[in-house]
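Okay, structure first, notes after.
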Amino acid sequence: MTYRAGWIHYTNVAPILDSLVLPPGVTAITGVPTQMNAALLSGEVDIANISAVEFIRNADVLEALPDFSVAVLGPVYSVNLFHTRPLPELRRIALTAQSAMSVALLEVLLREKGLSPVLERAEGDAESLLGSGYDGVLRIGDSALREWYQVVGPLGERATMTSLPSTGRGITVTDLACEWFDLTGHPFTFAVWAYRQDNPPPENLVQAMREARRDGIGHLAQVAARHAQRLGLPARVVQHYLWNFRYHLEAPDRLGLREFADKAVPGHAPLKFGQRPGVKVAG
Ligand SMILES: C=C(O[C@@H]1C=C(C(=O)O)C=C[C@H]1O)C(=O)O
């Protein structure tokens, strides 16, 4: 029997996926978050690095690998609200159809601030949507990273030594993961590797993923250089973007995930994780 994987292949997952060698009997397809979320839930694939909010909404049927995440503590640089007025004055925000997660996060943040602008689906890049009747535009993934750099760049060598800037060209870029940190003091977990509870991945696939991650993180400069070329961004900026991620679903990442679950999906089923590798159960 073939085991089918569905990978969201944004640059932030490159340190895990780029050197992954699939074991025999495992196949993989790729797509944007909303496609992979749907593919996992419909049974088209058996495991996927899905948006955490879909994992939470479907916690009754899904389980997640215990040691894989796409999370950050503070800014993420690629889940961005681009806007031309201060947040409290925003009236109409365009939302990307690629992500359920960032929309759920934006809704939580707006609610916490007591704001209620109109939210509408609309595709296009941030600057052209801002020029066509929207005062806010939510973007994620590689295009959000590129558009953030168009707004704040070009950045010299020194600029990447600390947090990166967030304004330029009359546009403010509000980083939603940073807002989450200001609100809770916790990391924000964007994605987990989930599967249906009755169909966990073969151990050799999980082991291959762990080896690929070790290799990717160990060669981050090379991973960054490769993707920088594709993205049209300076390699040091992409390297900064990548080293900022937390890929191991550690205790703080789970704390952030649980807090988000309670705020975004009240009444959700308990979140389930597979057993941590090397952890022996007493008794
Ligand atoms: C932070 C990001 O992470 C991704 C965001 C996701 C989402 O918004 O649904 C899903 C998977 C993550 O890898 C991003 O791509 O900007």
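Everything numeric in this text was worked out from a predicted model, so none of it was measured. Numbering of ligands and ligand atoms starts at 1, following listing order. Quick note: residue numbers are just sequence positions, from 1.
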Contact check, side chains of L176 and L106, non-hydrogen atoms, under 4.5 Å: yes
Which residues pass the side chain to side chain donor-acceptor pair (under 3.5 Å) test with R169, sequence neighbours left out? E127
Counting both backbone and side chain atoms, is some N or O of Y241 under 3.5 Å from an N or O of ligand 1? no
A side-chain contact here means heavy atoms from C-beta on lying under 4.5 Å apart; do L105 and F188 qualify? yes
Using a heavy-atom cut-off of under 4.0 Å, does the side chain or the backbone of D142 touch ligand 1, or both, or neither? neither
Do ligand 1 and N49 have nitrogen or oxygen atoms that lie under 3.5 Å from each other? no
Residues R146, D125: salt bridge by 4.0 Å N-O rule: no
What's the shortest distance from atom 13 (O) of ligand 1 to any protein heavy atom, and which residue and atom give it? N12 OD1, 3.1 Å
Side-chain polar contacts of residues 112-119 - donor-acceptor pairs under 3.5 angstrom, sequence neighbours left out - could you list them?
from, atom 1, to, atom 2, distance (Å)
E112, OE2, K263, NZ, 3.4
K113, NZ, E179, OE1, 2.8

Relative to each other, are the rings of W193 and W7 parallel, tilted or perpendicular (30° and 60° limits)? tilted
S99 versus ligand 1: do any nitrogen or oxygen atoms come within less than 3.5 Å of each other? yes
With a 4.0 Å cut-off on N to O distance, would you call E211 and R214 a salt bridge? no
I need the nearest protein heavy-atom contact for atom 9 (O) of ligand 1: residue, atom name and distance, please. S51 OG, 2.6 Å
Would you mind running through ligand 1 and noting each atom that sits below 4.0 Å from a heavy atom of A191? 11 (C), 12 (C)
Between R230 and D142, is there a side-chain heavy-atom distance shorter than 4.5 Å? yes
Can you pull out the closest protein heavy atom to atom 5 (C) of ligand 1? Residue, atom name and distance to 0.1 Å, please. F190 CB, 4.2 Å
Should you measure from each heavy atom of V76, which atoms of ligand 1 turn up under 4.0 Å away? 1 (C)
I140: numbered ligand 1 atoms lying under 4.0 Å from its heavy atoms: 8 (O)
Atom 10 (C) of ligand 1 - nearest protein heavy atom and its distance: P33 CG, 3.7 Å
Would one find an N or O of G141, backbone or side chain, under 3.5 Å from an N or O of ligand 1? yes
If you count every heavy atom of other residues, nucleotides or ligands that lies below 6.0 Å from Q229 atom CD, does the total exceed 12? no
Those atoms of ligand 1 less than 4.0 Å from some heavy atom in S78: 1 (C), 14 (C), 16 (O)
